[in-house]
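Each remark here refers to the structure printed beneath this line.
Proteins get letters first, then strands, A, B, ... in listed order; numbering begins at 1 in each.
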There are 2 protein chains.
Amino acid sequence: MRVGELSKRSGVPVPTIKYYLREGLLPAGVLTSPNQAHYDESHLRRLRLVRALVDVGELSISAVRDALAAIDSSEQTMHKKLGMVQEAITTVPNTPIDERSVQEVKDFLARHGRHEDVDAEHWEISRMLTAVLSAARSLGHDRFHEQLEPYMAALEMIAKADLDYMLGRAKSVDDLVESMVVGTILGDAALIALRRMAHAVESERRAKEEDQV
Amino acid sequence: MRVGELSKRSGVPVPTIKYYLREGLLPAGVLTSPNQAHYDESHLRRLRLVRALVDVGELSISAVRDALAAIDSSEQTMHKKLGMVQEAITTVPNTPIDERSVQEVKDFLARHGRHEDVDAEHWEISRMLTAVLSAARSLGHDRFHEQLEPYMAALEMIAKADLDYMLGRAKSVDDLVESMVVGTILGDAALIALRRMAHAVESERRAKEEDQV
DNA sequence: CGATAGTAGAGAGTGCCGCTATCCACTTTG
DNA sequence: CAAAGTGGATAGCGGCACTCTCTACTATCG
């Protein structure tokens with residue numbers, strides 16, 4: 001197909017597709033003459049992935065580029081792949097850090113199977129967590145870190161479901177990494193939405209309970 | 001204190017503070033003369049809240065304004081307050097919707113205590129969920145909605161912990177709404193970080209297991 | 001007392017980001 | 001054949017979150 005059809009099928013305007021091509025988010029089509037190129041289903045698929053990362057994941061164009069690089073790279077172990085995906089996908093809030101939060105994160109990591117190897121300073125995820133706890137403390141929420149325990153208990157269940165899903169879907173190696181990206185990004189959004197729902201349901205439940213008393 | 005000290009104590013540049021004042025994110029100080037104003041601890045607190053919402057929550061300035069309006073409003077029931085907070089805080093991805101996803105969300109809501117009153121079309125949260133499922137389907141993940149069940153099971157636990165936290169902290173009514181905002185925004189970020197951690201831990205665990213076999 | 005630094009308020013300017021618009025020399029399609 | 005569409009490249013645009021600049025003051029230090 002040509003760019004017009006790609007545009008129609010994806011809902012993305014032609015100039016935007018050209019922009020993504022320039023930015024390297026989308027591989028060029030096969031040229032049949034100096035000003036004609038053919039695109040196939042893989043382009044459509046990739047284009048939809050880009051849109052999902054931008055619209056749902058709210059990734060910047062350069063973060064999308066990193067995520068796609070992770071997908072396209074030929075890393076061996078699942079573990080390393082997941083690391084690359086996470087690196088590309090997560091952004092650490094740029095906020096002042098306080099020392100007590102750093103310690104809290106270290107303690108937390110020690111309690112949850114990350115004692116040895118990992119240097120917390122250089123692991124993006126742990127820096128993100130530290131930033132959150134620091135922000136909480138600066139707002140007077142200095143016991144916020146206690147919430148992490150119930151969170152982690154629940155998230156272990158979720159992580160199992162996630163990995164089952166990712167591994168279950170993957171028919172090829174490329175598929176696996178793509179599932180990681182999609183599962184992580186869409187999962188984040190789904191989690192946030194469901195948490196809001198659960199809040200609404202629970203607050204309603206408590207309101208009714210109080211009525212009856 | 002004057003604006004310079006407010007800046008020093010919060011880490012926010014003076015011009016930015018002035019910008020927030022203009023945008024109505026921060027109430028004006030008390031004027032002691034035509035070009036001198038005094039700010040107090042409440043301004044500092046509010047300023048830090050704004051930064052947390054911007055830096056950690058990645059809210060836009062206008063979303064922050066809405067969130068603060070929710071905090072400052074004098075709504076009665078906790079339930080309605082929570083609704084306002086959620087409305088202000090959540091942004092629905094702007095992405096094409098397909099009908100099957102709409103139906104899946106409806107079914108899901110019916111299964112989880114939202115059968116009666118709520119019209120799903122107008123509840124932001126359910127529109128967000130629909131957007132996520134639609135994006136998933138467009139990427140070929142048409143069974144993604146099955147993940148929602150294990151997610152919701154875990155989130156019910158989390159929601160209980162969240163409400164306990166919010167209600168437990170609040171010493172006044174204003175406090176409660178602020179706790180909702182902070183708990184929701186920081187909780188989102190913490191949840192995302194911990195989910196990444198849990199993924200890493202679980203994928204490591206599975207890799208080791210496989211080694212032993 | 002004067003020199004220096006800080007201030008409120010308001011408008012204009014900046015830098016970045018994610019697109020759009022325009023143009024050219026072509027093909028393809030009806 | 002004319003009209004519509006295309007690849008490629010460069011320039012432009014609109015929004016956003018600041019940041020700068022300016023004026024007419026006020027506070028403070030030596």
What is the minimum heavy-atom distance between L148(A) and L129(A), and which atoms define it? CD2-CD1, 4.1 Å

Please give me every residue in residues 8-27 of chain A whose heavy atoms get under 4.0 Å of an atom in DNA chain C, ordered by residue number. P15(A), T16(A), Y19(A), Y20(A), R22(A)

Looking at every heavy atom in both A70(B) and V177(B), which two are closest together, and how far apart are they? O-CG1, 3.9 Å

Please enumerate all protein N or O atoms sitting under 3.5 Å from an N or O of nucleotides 26-30 of chain D, with distances to 0.1 Å.
residue: dT26(D); atom: O4'; partner: N35(B); partner atom: OD1; Å: 3.3

Side chains of R9(A) and L47(A) in contact at under 4.5 Å (non-hydrogen atoms): no

Span of DNA chain C in contact with chain B (heavy atoms, under 4.0 Å): dG6(C) to dA12(C)

In whole angstroms, the gap separating P of dC16(D) from CD of E58(B) amounts to 16 Å

Over 60° means perpendicular and under 30° means parallel, so tell me whether Y165(A) and F144(B) are parallel, tilted or perpendicular. perpendicular

Provide the closest heavy-atom pair for Y39(B) versus R2(B) in the form atom of the first, atom of the second, distance. CD1-C, 3.9 Å

If we only count heavy atoms from C-beta on, is the I17(A) to H43(A) side-chain gap below 4.5 Å? no

Heavy-atom side-chain proximity of L44(B) to L6(B) below 4.5 angstrom: yes

When rounded to the nearest 0.5 angstrom, what is the spacing between OG in S101(B) and NZ in K106(B)? 12.0 Å

Check this for me, if you would: do E124(A) and R196(B) make a salt bridge, where the nitrogen-to-carboxylate-oxygen distance has to be below 4.0 angstrom? no

Rounded to whole Å, the CG-C1' distance (D55(B) to dA17(D)) equals 12 Å

Look up atom CG in L155(A) and atom CZ in R195(B), then write down how far apart they are to the nearest 0.5 Å. 8.5 Å

